[in-house]
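Down below is the structure, laid out as structure tokens.
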Protein chains: 2
Amino acid sequence: MRPVEELCQALRERGLKVTPQRRLIFEALRDGAEHPTAENIHHSVQEIMPDISLATIYHTLNDLVEMGEVMELDLGEGRSRYDPCTDDHCHLVCLGCRRVLDLPPTTDGIELAAENTVGWEIVRCEVVFYGYCPNCRA
Amino acid sequence: MRPVEELCQALRERGLKVTPQRRLIFEALRDGAEHPTAENIHHSVQEIMPDISLATIYHTLNDLVEMGEVMELDLGEGRSRYDPCTDDHCHLVCLGCRRVLDLPPTTDGIELAAENTVGWEIVRCEVVFYGYCPNCRA
DNA sequence: GTCACTGCAAATGCTTTGCATCTAG
DNA sequence: CTAGATGCAAAGCATTTGCAGTGAC
């Protein structure tokens, strides 16, 4: 995700408007936990703007996803997480505490795709490891 | 997924009962498309037993997942798919027609995990490629 | 002044649950 | 006979949508 001011600029270039709500959402994504849910962001923005609506959060997150500034992660939890890091990388999910960590990209993911997907156009590859973190193994 | 009769046996061993509904669901999983949704299975079983309830489908699928006979896939579609193949393998999803293909497992997924997840107990690794199939590229 | 955004509430879509009835073992 | 299964309808959640009022530019 780019810095807040660049995001604001990108919004304007698309004919979208920069509102205080959106600025706060950008800041929450920049400063908060790394893989927040929409509700996480709602809570953290509410500390500054108590009346902001969850619908506004969803609206803005959808815009960011469409702009490619944020990745929507589906980690099998029945709700989406949003990742401000859009570089190629893998995820590691603790089935105990639901903590989500970033891992370096798999080097051969793309190679595998190349071998077995002749004729396809591969857009992206998602790799998620599920397990138990050191704390939760106990 | 094991043959229908073995599944029936496995149910009984767990104190669960073998009903005509469950048998039909097993057969639908065995014979039908490879990555069906709960609704897909409902439709195909309804051709033989029109009054079967969707709740029964979900109930049985949840049992099968718990028994490790079927994998629940979350491919970011807002609904689950169920995969009777529980061997280690990857998935290839067409963003156009939503077709889902199986791919061989990544050999180094586990290696990557071993290098970067000291102290963790890794349970499984899910790899999903998203793209456009030859038909949908046009 | 316009057109997009906001907040609210209602709607949506998938999945689960409560309950009365039924049935496998 | 009895515990578990079924079908129905209602409830639960996360997310989206419709709409009237508001605000960015």
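Just so we're on the same page: letters track the sequence lines, and every chain starts at 1. A quick note: this is a predicted structure, and the numbers were derived from the prediction, not measured. Only heavy atoms go into these numbers, but all of them, side chains included; no hydrogens, no water, no symmetry mates.
- Criterion: ILVMFWY side-chain heavy atoms under 4.5 Å apart, direct or through other members. Under it, A:L73 and A:V127 are not part of a common hydrophobic cluster.
- As rounded to whole Å, 14 Å separates atom C1' of C:dA24 from atom CD of B:Q9.
- If you check the side chains of A:D63 and A:T60, you find no donor sitting under 3.5 Å from an acceptor.
- Salt bridge status for A:R79 with A:D74: absent, with no side-chain N to carboxylate O gap under 4.0 Å.
- Side-chain atoms of A:T56 and A:Q21 form no donor-acceptor pair, as typed in the model, at a separation below 3.5 Å.
- Once rounded to the nearest 0.5 Å, the distance linking SG of A:C8 with CG of A:L16 reads 11.5 Å.
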(message) One character per nucleotide, please: for nucleotides 1-7 of chain C, 5' to 3', B when the base has a protein heavy atom closer than 4.0 Å, S when only the sugar-phosphate does, - otherwise.
(response) --BSSSB

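- For B:Y58 and C:dT17, the OH to C1' distance is 14 Å, given to the nearest whole Å.
- With rounding to whole Å, B:H42 atom NE2 is found 12 Å from D:dT6 atom P.
- Ionic pairing of A:E34 and A:R99 is not present here: no N-O contact between side-chain nitrogen and carboxylate oxygen is shorter than 4.0 angstrom.
- B:R23 has its CZ atom 15 Å from the P atom of D:dA5, to the nearest Å.
- For the pair B:L11 CG and D:dT6 C1', the interatomic distance rounds to 15 Å; values are reported in whole Å.
- In this structure, B:H89 places its NE2 atom where more than 12 heavy-atom neighbours from other residues, nucleotides or ligands lie under 6.0 Å away.
- Remark: B:G78, B:R79, B:S80 in residues 69-84 of chain B come within less than 4.0 Å of DNA chain C through at least one heavy atom.
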(request) In sequence, state the C-alpha distance, the side-chain angles, and the governing distance for A:V4 and A:E27, and then conclude on side chain to side chain contact (heavy atoms under 4.5 Å, CB included). (result) CA-CA 7 Å; A:V4 172; A:E27 289 165 9; 4.0 Å; yes

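- Atom CD of B:E39 and atom C1' of C:dT16 are 16 Å apart (whole Å).
- Judged purely by distance below 3.5 Å, without hydrogens or angles, the side chains of A:N40 and A:H35 never pair a donor atom with an acceptor atom.
- When the P atom of D:dT16 is taken as reference, atom CD of A:E66 falls 11 Å away, rounded to whole Å.
- Following rounding to the nearest Å, B:N40 (CG) and C:dT15 (P) show an atom-to-atom distance of 11 Å.
- Taking only side-chain nitrogens and oxygens, A:N62 never comes nearer than 4.0 Å to OP1 or OP2 of D:dT15.
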